[in-house]
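Chain A is the first sequence line, chain B the second, and so forth, proteins listed ahead of strands; every chain is numbered from 1. Just so it is clear, the structure is predicted and the values come from calculations on it, not from any experiment.
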Number of protein chains: 2
Amino acid sequence: MPSPKAAAGKATMPLRHAAAPLRRSRPVIELGVLDERLGYFVRRLQVWVFQDFIRRLSSLDISPAQFSVLVVISANRGLSQAELAATLDIERARLVRLLHLLERRGFTQRLPSPADARRHALRLTREGQKVLARAKTLAARHETALKQKLGPARYQLLLATLREV
Amino acid sequence: MPSPKAAAGKATMPLRHAAAPLRRSRPVIELGVLDERLGYFVRRLQVWVFQDFIRRLSSLDISPAQFSVLVVISANRGLSQAELAATLDIERARLVRLLHLLERRGFTQRLPSPADARRHALRLTREGQKVLARAKTLAARHETALKQKLGPARYQLLLATLREV
DNA sequence: TATTGTTATACTCTATAACTATA
DNA sequence: TATAGTTATAGAGTATAACAATA
């Protein structure tokens, strides 16, 4: 997301460090110590990811959190809310409202769990499966855009590295 | 190319994919397609970063956003709110409230800009400089913790890679 | 006309605490 | 006692729109 206003640097030099503002009243703002903080760059990339994802799935009105919930329910039919919340690091209380919304839109169901009366067994409705299929198509395009933004080599490197953590 | 739920655990295999739940009632929850999505892992790391950062700076009550604002003002004394907002990708409207808060706490000042009456020239107060110095110490500990969580090699790889983006 | 800082609004997300029903 | 789901609330963050002062 940083400067597309490339310029007169060595090829290996990060664009951010390239000098020479295009016009006189365009001062270069220093990042200070942030330029050495991994968390700062992770945050910037994550913001880009969410913005692009939300934009690409806007026709379905599916947020990143909603998408991840639909995906995990689909891949683990009958799991409980506590399991889902723990898997995605969502607060149980927040998940309740997320599921209210998805249920109201006809995408998910909460069925009584046969083994434990406290639990709900989560599943997608037929409609939920259909919308998830369409969402996956759009999400794949987002992933392609992300790969293009980063460059295929960096993309693969980051995915392989972060998956191991 | 790294096939996710491939065979039984090779040594290089991510722990997430290792099978064998410790007890019978601890089912393995599948991530589905999320396991191939860079954005998912970026988000998870970013959440960890924020939680650790907030915890480590809780004694100063400085959020990641507040820290980044103080750092950039310190490194660019006299810059305008618009410049600061653009640098950190913060909405101008949001920055106003952030600065209200920091000013109320005595950390920042908005001085009239000599060149342009519409602008404010931002700077840290003496107190702001002191609190930033302490915050930097705690933030450095957070960075060390992040390096330890990821492993030094992965940390360096990620920092170098993301900085280039 | 465009930009800077501002106010206002609405919605989402996060973090807690407390309640109920079940185990 | 502990757990699963729920409700309620407060505080951040995000996204807009509109406005006055100034360029």
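Contacts with DNA chain D (heavy atom under 4.0 Å) in residues 106-118 of chain A: A:R110, A:R118, listed by number.
Side-chain contact check for A:Y155 and A:Q148: no donor-acceptor pair (N or O, by modelled atom type) lies under 3.5 Å.
When each of B:R44, B:R43, B:R37 is paired with B:Y40, the side chain to side chain donor-acceptor pair (under 3.5 Å) condition holds for B:R44 and for no other. Only one option out of B:R105, B:E103, B:Q109, B:R104 pairs with B:F107 in a side-chain contact (heavy atoms from CB on, under 4.5 Å); it is B:R105.
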Problem - B/S/- contact track for nucleotides 7-16 of chain C, protein heavy atom under 4.0 Å - result: BB----SBBB
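Atom CG of B:L79 and atom P of C:dT4 are 12 Å apart (whole Å). Between the CZ atom of B:R119 and the C1' atom of C:dT3 there is a distance of 9 Å, rounded to whole Å. Taking atom NE2 of B:H120 as the reference point, atom P of D:dA20 lies 17 Å away to the nearest angstrom. Atom CZ of A:R55 is separated from atom C1' of D:dT14 by 17 Å (rounded to the nearest Å). Nucleotide C:dT4 holds its P atom 13 Å from the CG atom of B:L95, rounded to whole Å.
For the pair B:I90/B:V69, a side-chain contact is recorded, criterion being any heavy-atom separation below 4.5 Å from C-beta on. Between A:V131 and A:L70, the closest side-chain pair of non-hydrogen atoms falls below 4.5 Å. Using a 4.5 Å heavy-atom cutoff, the side chains of B:E36 and B:V33 are in contact.
The side chain of A:Q81 places no N or O atom within less than 4.0 Å of a non-bridging phosphate oxygen (OP1 or OP2) of D:dT3.
Salt bridge A:R119/A:E83: present, at least one basic N to carboxylate O contact under 4.0 Å.
The ring-ring contact (aromatic ring centres under 6.0 Å, His included) test applied to A:H120 returns no partner, not counting sequence neighbours.
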